[in-house]
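Below is one structure; the comments refer to it alone.
Chain identifiers are assigned alphabetically (A, B, ...) following the order of the sequence lines, protein sequences preceding nucleic acid strands; residue numbering begins at 1 within each chain.
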Amino acid sequence: MRWTRSLSELAPPALLVVVVGVVGSGTSPARQIDFQTALVSVAIVVALYVFVGNSGVLSFGQISFAAVGGYAAGVMTVPVELKVGTLPALAPLLRDHTIGNLPSLLLAAAFGAVYAALVALPLMRLSGLAAGIATFAVLEITHNILHEWTKIGPGAGVLSLVPETTGMLQATLGALVVMAIAYGYQRTRFGRQLRATREDPAAAQAVGISVHRQRLIAFTLSGGLSGFAGALYVHQIGSLTADQLYLELTFLSLAMLVVGGATSLWGAVVGALAVSGLDSFLGQAESGVNIGFTLNLPTGTRLVAVGAVMALVLVLRPTGITGGREFSLTWLRQLRRKERTA
Amino acid sequence: MTVIGAVDAQNLVDALGLGAIYGLMAVGIGLVFGVLRLVNFAYGQLIMAGAFTLAYASRAGWSTWQAILACFGVVIALSLVMEVTVFRPLRTRSPAVMLVATFAVSFLLQSIALLVVLKVQGQVGIPASTVAQLAQAVTIGGVDVRKVTIVALVVAIVALSGLALLLGKTTVGLQMRAAATDFTTARLLGVSANRVITLAVLLAGVIAAAVAVLLTASQSYVTSDFALHDMIIVLVGVVVGGIDRLWTATLGGFAIGFTRGVINGALPTDKSVYLPSALFALVILVLILRPAGLFAGGRSSVVDRV
């Protein structure tokens, strides 16, 4: 019974991601980039969900772990002979070594997790707005250091010539790995305890749950997955600047999560795919697209439409597209029944 | 020594002006937070809308007073629209949903501004010259004081005293304070939620319009991310100061503006690259030691630590 439930909850979002990967593989190389971006967004948003969704505490810091992971994976995979030219000020340890694709992904996850754990130790004592602003301060500090310190990266410049190993396969598998870990976590007693603190902190503490410890675990796991997602990101684009993994992506990934439904994995996946899908469709429409008639929107419409849709979903359906529930057939049936009676 | 002394006085005066502007923004954020428990991230975009109104008014050749009047009209109207279409439906939702909704609104308004400017101008920003004479300086005792600094200080003092009178001496002010302390009980005792919230949003809108004029006078090129960064810094200041009470929030906003002004003026740029890190590390430290806010006093009304 437990296993069938797990399967019925994890399989639909996994299937959706696989379908996106397979459909994407059949398109032109230029279109494939949109699909890969959507899949990497899934990884980033699900990593964010592990903490924000399960704990109910807003964090603006998760993208900084993605940035740390992205930089670690990027700097370490640029071939040694190219680093001398592009990253002259790099510390010797980083300059003289290069690692492969898979080790770089694992390294990024480790960096993200360790950094997140260090940050979480003091910060997870906070909650509410103070926690939000404190994690925001982490984002600012990380961005500032990555932007200025040329011993560990390109500083204000562009980290370029990173091997573009995140193709459709790696993007799909990467998203699936992150989802599987996120789902596995939320089914453990740690995950359940954290969700209990989200629903009622006082009651959870009364039955002996340590809010601090549970948030610490989730924050660290989320940091590790964010680092991994950041590595997928840099390997997909092949270059990175400090501004790419900063404010805009922080807001966008939070918006994707809330639009999908912040309290379920299904919601995180749906939100990431829906917003990325809309974004790339409108991006195409700005350069003219044929959908029965030729749609040609002025440049900049894309952002307006994405913003309007996000605001509309939040106002009309504050629990997100999925209502913050995991996928279930009974839910579909109920929905159908409601439609029939309505 | 006298040279350094003069530079310091100059620096302090400029910092005071920035502190006054940030303090006003903090009042606007704190007012709405008090009654709605909502951090309005789109507050910066209200200011941006005001700045664009000034910019377009100066293109159309309107006089300064007409432009400022138009700015107030647009910003106040936009605040009320935001209250009716976004805040009101989400009033009972969790703070996270409300905050993200205001992100979405902020993002939307920025994209509209970008679209309009790109479409109309073919460039990213437009100059606003109509209030530029405010940026001129007068020399007082060897220190160049820009008129906008004086105006900012006067506006801040007038606005704060007006607000103190309103909150302290009128019935509706009493109702607002009651609602900020305990909204449910206040409603039970007959305080009209819509009336109190609308008034708070309206007052915040008036302040946003005033800030738009002041900021446009000091940075006269208006882009779609106008006031965005200022807004983020003020938000940090407000939480560090103590968002639960209007005065501590305002003090937090003023303090962070003043500090930023002093540091920006005092340090050469090559020395200050890691300054944001130091500032934000300080912010984290304050939040850990005093989660209710630096100026919040001994009482801790909200459980902010676990």
Interatomic spacing from CZ in B:F103 to CG in A:L247 - rounded to 0.5 Å
9.5 Å
Distance-only check: which donor-acceptor pairs under 3.5 Å involve side-chain atoms of residues 222-242 of chain B, not counting sequence neighbours?
from   : atom 1 : to     : atom 2 : distance (Å)
B:T223 : OG1    : B:D225 : OD1    : 2.7
B:D230 : OD1    : B:Y22  : OH     : 2.4

Closest heavy-atom contact between A:G307 and B:L108?
C-CD1, 3.8 Å
Of all heavy-atom pairs between B:L287 and A:A130, which one has the smallest distance, and what is that distance?
CD1-O, 3.6 Å
Can you confirm whether B:W247 is buried at CH2, in the sense that more than 12 heavy atoms of other residues, nucleotides or ligands lie under 6.0 Å from that atom?
yes
Checking side-chain contact (heavy atoms from CB on, under 4.5 Å) against A:L314, which of B:V100, B:V105, B:T102 comes through?
B:V100
When heavy-atom pairs shorter than 4.5 Å are enumerated against chain B, which of A:N144, A:I141, A:V313 gives the highest number?
A:N144
Applying side-chain contact (heavy atoms from CB on, under 4.5 Å), can you list everything that pairs with A:L90, at least two apart in sequence or on another chain?
A:V75, A:K83, A:L87, A:L94, A:R95
Cut-off 4.5 Å, heavy atoms of chain A, and the answer for B:P276 is both
Go through the atoms of B:F33 and report whether side chain, backbone, both or neither lie under 4.5 Å from a heavy atom of chain A.
side chain
Heavy-atom pairs under 4.5 Å with chain A are the metric here; pick the option from B:P89, B:A278, B:S277 that has the most.
B:S277
Please look at B:L114 and chain A and tell me whether the side chain, the backbone, both or neither of the residue comes under 4.5 angstrom of a heavy atom of that chain.
side chain
Checking heavy atoms, do the side chain of B:S106, its backbone, both or neither come under 4.5 Å from chain A?
neither
Starting at CZ of A:F251, measure out to CG of B:L99 and round the result to the nearest 0.5 Å.
8.5 Å
Scored by heavy-atom pairs under 4.5 Å with chain B, the best of A:E248, A:E148, A:M310 is A:E148
Ordered numerically, the heavy-atom neighbours of chain B under 4.5 Å found in residues 49-65 of chain A are A:L58, A:F60
Return the set of residues passing side chain to side chain donor-acceptor pair (under 3.5 Å) with A:H147 (not counting sequence neighbours), or none when no residue passes.
none
Within-4.5 Å side-chain heavy-atom neighbours: B:L115 and A:L303
no
Grab the two heavy atoms, one from A:I145 and one from B:Y274, that are nearest each other, plus how far apart they are.
CA-CE2, 4.3 Å
B:L109, part contacting chain A, at a heavy-atom distance under 4.5 Å:
neither
Could you pull out the closest heavy-atom pair between A:V304 and B:I112, with the gap in Å?
CG2-N, 3.7 Å
Answer yes or no: is there a side-chain heavy-atom contact under 4.5 Å between B:V283 and A:I133?
yes
